[in-house]
Amino acid sequence: SPNGAMRRGWNGITISRDTIHIPGVKLGFERPVFFERHAVGGEYGAGWKSVGKGRVLTTFFPEDVKEKPVIIDGREVKDSENAVVVYDNPLDNVEDLAHIFFS
């Protein structure tokens, strides 16, 4: 996707724009363009699996194997068919985005 390619190239920063115009109806942004922060890859780069009823446990395993794993989330999935989706959101672009907003 072009959006995913831009996010990767700009370290997660995306540009949104107002594209809907209806004569006589005020819709959209006050300004035509604004910047946002997304996960790099977001849902395009996510891991996912279709599963049935049961429990889901999202666990982080530190690089140092001596450290204990950290449970991120645990939940029951109750439907006969569920999509479980996982992706990470690096925080290394927060400073870049703040520079765009506040400079």
* side chain to side chain contact (heavy atoms under 4.5 Å, CB included) against Ser80, all qualifying residues, sequence neighbours excluded -> none

* Asked: Other hydrophobic cluster members with Val51, side-chain heavy atoms of Ile/Leu/Val/Met/Phe/Trp/Tyr under 4.5 Å, chained?
  -> Val56, Val77, Val84

* **Nearest heavy-atom neighbours spanning Gly74 and Leu57** => CA-CD1, 4.1 Å

* Structure fact -> Nearest heavy-atom approach of Lys53 to Lys78 is CE-O, 3.1 Å

Listing, residues 65-73 side-chain donor-acceptor contacts under 3.5 Å, not counting sequence neighbours, or none:
unit_1: Asp73; atom_1: OD1; unit_2: Arg75; atom_2: NH2; d: 3.3
unit_1: Asp73; atom_1: OD2; unit_2: Arg75; atom_2: NE; d: 2.7
unit_1: Asp73; atom_1: OD2; unit_2: Arg75; atom_2: NH2; d: 3.1

